[in-house]
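Each remark here refers to the structure printed beneath this line.
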Amino acid sequence: MIVKALDAWRNILSTENVLTDTATVSAAQTATFATKQRVLALIRPGNRAEVQECVRIANEYQTPIYPISCGKNWGLGSRVPVQDNCVILDLSRLNQIVDYNEKLAYITVEPGVTFRQAYDYLREQKSNLFLSVIGGSPDASLIGNTLERGDGFGPHGDRLDHVCELEVILPTGECVHSGFGRFANAKAAKISRWGVGPYFDGIFTQSNLGIVTRMTMWLMPIPKYPQLFTCTIIDASRIDQLIDAVQSLVLQGTIKTNSFSLWNCYKILAAEGRYPWKKMLGQTPLSLKQLKGAEPWFGNGTLYSASREQGLAERKLIEQALEGKVDQLIFSDEDSDAFKENTFIGVPSDENISSTYWRKKTPIPSPMNPDRDGCGVIWLCPVLPFDGEQFLLAIKIIESIFDSYRFEPNLGLSFPSGRSIHVFIAIIYDRDVAGEDQRAMECHDKILHSLIQEGYIPYRLGIQSMNSLPPTQDDYGKLISTLKRGLDPNNILAPGRYDFRSEWFDTSY
């Protein structure tokens with residue numbers, strides 16, 4: 001069946017967009033941790049109609065397809081499908097900025113549009129608006145990150161909360177538009193999330209129920225008086241006090257959501273340098289507590305003030321709230337050099353990608369490609385209540401497991417609301433060292449299991465974790481099964497991806 005499917009795709013896409021050569025397929029099967037899934041081919045449609053034809057062919061020949069946007073999902077699976085014997089549907093050729101409106105502050109894009117491309121476009125337009133960017137690759141997809149419900153910097157960092165008008169190809173090849181987008185000449189299509197009638201945008205995120213080929217994203221004005229602030233806390237045992245103080249500031253709106261982050265010292269070191277092999281005499285892990293007597297945490301945030309007066313008032317509130325809870329607090333205003341490359345106001349950067357080379361002993365290449373270069377990275381993304389005491393409990397669990405597996409605990413926090421904390425846990429290692437893949441995955445599994453036991457469920461999963469969640473207490477699995485059967489009767493779209501169907505349902509159809 002795969003031979004006939006490939007021939008049919010070649011007739012639609014041309015030979016150069018149906019890739020089966022060993023090098024291409026091997027690269028597509030490679031992530032930043034060990035994978036065994038076999039990829040059959042890559043197909044590269046160039047527009048919506050071709051996507052629809054690709055889906056129809058997949059149905060006709062019962063060949064599973066696995067959509068990706070740009071394939072930069074490093075640490076969570078890269079381009080690798082969840083299950084074996086899929087054809088990757090690469091959407092990177094759909095890379096048009098379809099619409100843009102400065103007054104109404106939106107941009108409409110296809111899945112191949114990257115953060116770098118959108119940033120350059122807004123600069124060319126001399127726009128006074130910015131798009132929330134991520135800490136990952138500037139060449140990652142806006143739509144791909146949104147559909148994974150990834151975090152961005154700034155008040156629009158919860159990207160899914162600031163998008164509308166999705167164009168979706170269903171697993172049958174049919175096309176639907178969400179919100180008001182389904183009505184011809186609807187003036188509110190790009191400015192209203194809900195439309196009229198049932199709202200279903202969310203079912204196409206973290207799912208295998210449709211392929212999003214277009215999305216409108218809302219932009220934010222560059223603030224009149226932005227201020228960058230940083231803080232340091234040396235004694236990590238007091239970080240619960242800082243967490244609780246920041247919670248009050250976020251809840252009352254002084255610090256905007258996703259506008260402040262906390263990183264531990266190992267995350268800072270990985271982003272800024274390489275493992276000190278010489279100082280450590282080739283031994284691992286690095287322990288700053290043993291070497292320096294402390295493992296500090298560092299905060300970094302931005303104030304989005306409309307005026308200098310407002311900014312100074314907000315600065316005073318933060319100074320008062322954090323007094324005695326941090327060892328250092330520094331503010332920089334808009335004239336500072338720190339703002340020239342500030343991700344909090346929409347400037348994409350690949351600085352953090354260098355951290356994936358933390359334990360590699362070879363020079364960091366240009367361009368960086370963690371998949372290609374044998375960088376070991378496994379991400380875990382639990383959600384915690386915005387409470388200092390619970391944070392200390394979770395961190396104690398995480399750090400003890402890291403220590404037992406002899407990895408540095410690379411940890412970061414973001415604050416998507418005044419009620420929750422997103423924790424970013426990275427296990428970073430060298431895949432070229434024998435046995436490290438297995439040890440790192442065992443560390444990941446132990447952390448995941450231990451956090452789930454405490455009730456800290458991840459909000460985003462890697463391809464290796466799709467079956468790791470506890471059973472639900474209700475009929476959630478039955479609902480997912482009903483939706484999947486109705487929308488994808490042949491089960492050809494991304495089988496296994498966020499597919500939480502009840503174990504008592506037959507999933508082999």
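Quick caveat, the model's predicted, so the values are computed rather than measured.
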Item to check | Identified side-chain hydrogen bond (donor to acceptor under 3.5 Å, both in side chains) partner of Thr213 from the options Arg48, Glu167, Gln52 | outcome: Glu167

Checklist entry - Can you list the steps and then say if His444 with Met441 is a side-chain contact (heavy atoms from CB on, under 4.5 Å)? => result CA-CA 5 Å; His444 164 276; Met441 192 58 72; 3.8 Å; yes

Item to check | Residues Arg359 and Asp430 bridged, charged N to O under 4.0 Å | outcome: no

Next on the checklist: Applying side-chain hydrogen bond (donor to acceptor under 3.5 Å, both in side chains) to Thr24 and Asp21, what does each step give before you reach the verdict?
Outcome noted: CA-CA 6 Å; Thr24 298; Asp21 62 283; 2.8 Å; yes

Checklist entry - Mind checking whether Phe344 and Tyr304 have ring centres under 6.0 Å apart? => result no

Checklist entry - Do the side chains of Leu286 and Trp358 get nearer than 4.5 Å, heavy atoms only? => result yes

Next on the checklist: For His422, run the ring pair (Phe, Tyr, Trp, His ring centres under 6.0 Å) check against Phe386, Phe415, Trp379, Tyr459 and tell me which one passes.
Outcome noted: Tyr459

Checklist entry - Any side-chain heavy atom of Val39 sitting closer than 4.5 Å to one from Val80? => result no

Checklist entry - Is it true that Phe407 and Phe402 have ring centroids separated by less than 6.0 Å? => result no

Checklist entry - Does the side chain of Pro382 come within less than 4.5 Å of Ile425's, by heavy atoms? => result yes

Checklist entry - Distance from Phe204 atom CZ to Thr146 atom OG1, nearest 0.5 Å? => result 15.5 Å

Checklist entry - Is any side-chain heavy atom of Val212 closer than 4.5 Å to a side-chain heavy atom of Pro111? => result no

Item to check | Validation row: Pro45, Leu91 side chains within 4.5 angstrom (heavy atoms) | outcome: yes

Next on the checklist: Please tell me whether Tyr266 and Glu295 have a donor and an acceptor in their side chains that are separated by less than 3.5 angstrom.
Outcome noted: yes

Checklist entry - Is there side-chain contact between Arg93 and Glu110, with heavy atoms separated by less than 4.5 Å? => result no

Next on the checklist: Please determine whether side-chain contact (heavy atoms from CB on, under 4.5 Å) holds for the pair Leu142 and Met217, giving the CA-CA distance in whole Å, both sets of side-chain angles, and the decisive distance to 0.1 Å.
Outcome noted: CA-CA 9 Å; Leu142 275 63; Met217 300 183 167; 3.5 Å; yes

Checklist entry - So does Arg439 pair up with Glu436, basic N to acidic O under 4.0 Å? => result yes

Checklist entry - In terms of side-chain geometry, is the basic nitrogen of Arg497 or Glu148 positioned less than 4.0 Å from the acidic oxygen of its partner? => result yes

Checklist entry - Any side-chain heavy-atom pair from Ile463 and Phe33 closer than 4.5 angstrom? => result yes

Checklist entry - Are any of the side-chain heavy atoms of Lys484 and Leu493 separated by less than 4.5 Å? => result yes

Checklist entry - What do the steps show when you test Tyr429 against Thr284 for side-chain hydrogen bond (donor to acceptor under 3.5 Å, both in side chains), and what is the final call? => result CA-CA 10 Å; Tyr429 62 102; Thr284 59; over 6 Å; no

Item to check | Asn467 atom CG, neighbour heavy-atom count above 12 within 6.0 Å | outcome: no

